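I have placed the structure first, in the form of structure tokens, so that the comments after it can refer back to it.
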Amino acid sequence: MKKQILVLGSVNADHVLRVNQFPRPGETVTGSQYSIVGGGKGANQAVACARLGGQTRFMACVGVDAFGGQIIRQLDDDGIDTGCVEQIEGVNTGVALIFVDDNAENCIGIAGEANHYLNATFVERHQQVIKTADYLLMQLETPEDGLLEAATLAIQHDTTVVLNPTPGKPLSEALLACIDIITPNQTEAEVLTGVKVEDPESAAHAASVLHGRGIATVVITMGSQGAFISRLQDDDTVTEMVSAFHVAAVDTTAAGDTFNGGLLVALTEGMDMVAATRFANGCGALAVKRHGAQTSIPTRAEADDFVANVSGSPVVSLSR
Ligand code: ADP
């Protein structure tokens with residue numbers, strides 16, 4: 001039987017408008033190419049897991065509004081079990097209002113709305129799906145008491161807890177103590193450890209701080225450099241740098257979400273951490289070759305073809 005991934009996290013309706021220049025205070029600008037697309041780190045990572053071939057369940061809260069119903073149908077179409085995605089009466093689906101200017105810079109305002117309801121009480125009501133999952137994947141866009149409740153239930157039932165700590169913010173010791181695998185990018189690693197991550201040496205330093213806080217496996221994603229792995233094994237720390245695939249990047253939105261989806265799917269299929277990270281690098285590289293968030297997430301066939309036929313992503317063992 002396929003291993004089960006449970007993604008717990010946010011859903012947003014991303015309202016995107018292209019403008020020549022961002023409006024100044026009091027100014028109105030005319031935009032073009034208005035679109036409403038599915039977003040939120042939780043939804044993006046659930047889509048990545050499912051599209052890349054993982055048996056995926058999603059736990060989330062949306063509003064009783066048109067977008068809430070539509071996103072559930074889209075997630076269903078991507079093959080995700082949405083039995084734990086609830087429409088909450090009297091609130092809106094989470095929203096991100098995004099201006100994109102001529103230089104591809106963006107300017108974003110977000111409101112959590114229904115995402116605020118993904119709290120400890122909600123998680124407790126759905127505890128059965130946490131107990132039966134093999135992996136729990138979470139981010140930091142929903143209330144911390146819900147994350148802590150889910151992580152606590154997970155460790156009681158041998159469900160591996162993976163935290164992608166985005167957006168970067170300090171974490172409670174209680175939550176840190178429940179995490180098996182943490183997957184920050186360079187900025188998030190610095191927020192969590194105070195160590196500026198620029199290269200494998202500084203990544204090793206940041207990872208050692210996270211090991212010191214009780215996390216056995218640290219995977220730091222480093223954009224076009226690839227990903228750095230540090231694992232506590234017996235009394236040793238084993239570190240590897242898995243280089244990125246070389247691609248012409250056009251839009252790095254959702255690179256991290258796609259990487260995390262690829263990593264989880266590979267781990268559920270029994271790949272070791274290095275092979276799983278290499279596969280995840282391939283998935284992340286494909287995402288940066290395309291525009292958009294959920295639109296840029298590749299299928300499993302595309303990822304397999306890319307990883308098998310494009311050279312790159314060598315692994316360098318740094319220590320044993
Ligand atoms: P985030 O999107 O969370 O900031 P990163 O920028 O570290 O995360 O990207 C996540 C992963 O996506 C990287 O570890 C790498 O595998 C892949 N990736 C990102 N940018 C590039 C790039 N320019 N070229 C190739 N792969 C990339």
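First listed ligand is number 1; within each ligand, the first listed atom is number 1. If you're wondering where the values come from, they're calculated on a predicted model, not measured in any experiment.
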For A285, the ligand 1 atoms with a heavy-atom partner under 4.0 Å come out as 26 (N)
Does any N or O of ligand 1 fall below 3.5 Å from an N or O anywhere on G223, backbone included? yes
* Asked: Should the pair E144-K169 be classified as a salt bridge under the 4.0 Å nitrogen-to-oxygen rule?
  -> no
Atom 25 (C) of ligand 1: closest protein heavy atom, distance to 0.1 Å, is F245 O, 3.2 Å
Short version for V288: what comes under 4.0 Å of ligand 1, heavy atoms counted, is side chain
Does an N or O from N185, backbone or side chain, lie closer than 3.5 Å to an N or O of ligand 1? yes
(message) Please evaluate residues N44 and Q294 with respect to the criterion side-chain hydrogen bond (donor to acceptor under 3.5 Å, both in side chains), reporting the C-alpha separation (whole Å), side-chain torsions for both, the decisive distance (0.1 Å), and the verdict.
(response) CA-CA 6 Å; N44 292 349; Q294 289 176 18; 2.9 Å; yes
Distance-only N or O hit between ligand 1 and V247, under 3.5 Å: no
Next item on the list: Before accepting this row, confirm whether a basic side-chain N of the pair R231/E240 lies closer than 4.0 Å to the acidic partner's carboxylate O.
Entry: yes
Under 4.0 Å from one or more heavy atoms of A249, ligand 1 contributes atoms 23 (N)
**Asked** Hey, is D81 close enough to R57 for a salt bridge, meaning N to O under 4.0 Å?
**Response** yes
The side chain to side chain donor-acceptor pair (under 3.5 Å) partner of N164 among Q45, K41, Q139 is Q45
Please determine whether residues V100 and V37 belong to a single hydrophobic cluster, defined as Ile, Leu, Val, Met, Phe, Trp and Tyr linked transitively by side-chain heavy-atom distances below 4.5 Å. yes
Whether over 12 other heavy atoms sit under 6.0 Å from Q156 CD
yes
Ranked by distance from atom 9 (O) of ligand 1, the top protein heavy atom is A255 CB, 3.8 Å
closest protein heavy atom to atom 8 (O) of ligand 1 is T221 OG1, 3.5 Å
_Under-4.0 Å salt bridge between R300 and E269_ = yes
for atom 14 (O) of ligand 1, nearest protein heavy atom and its distance come out as G226 O, 3.0 Å
*asked:* Taking D78 first and then R51, would you say they form a salt bridge - that is, a charged N and a carboxylate O separated by under 4.0 Å?
replied: yes
If you scan protein heavy atoms around atom 16 (O) of ligand 1, the nearest is N281 OD1, 2.6 Å
Closest to atom 10 (C) of ligand 1 by heavy-atom distance, out of S224, G256, A280, A287, is G256
Any heavy atom of M222 under 4.0 Å from ligand 1? The part involved is backbone
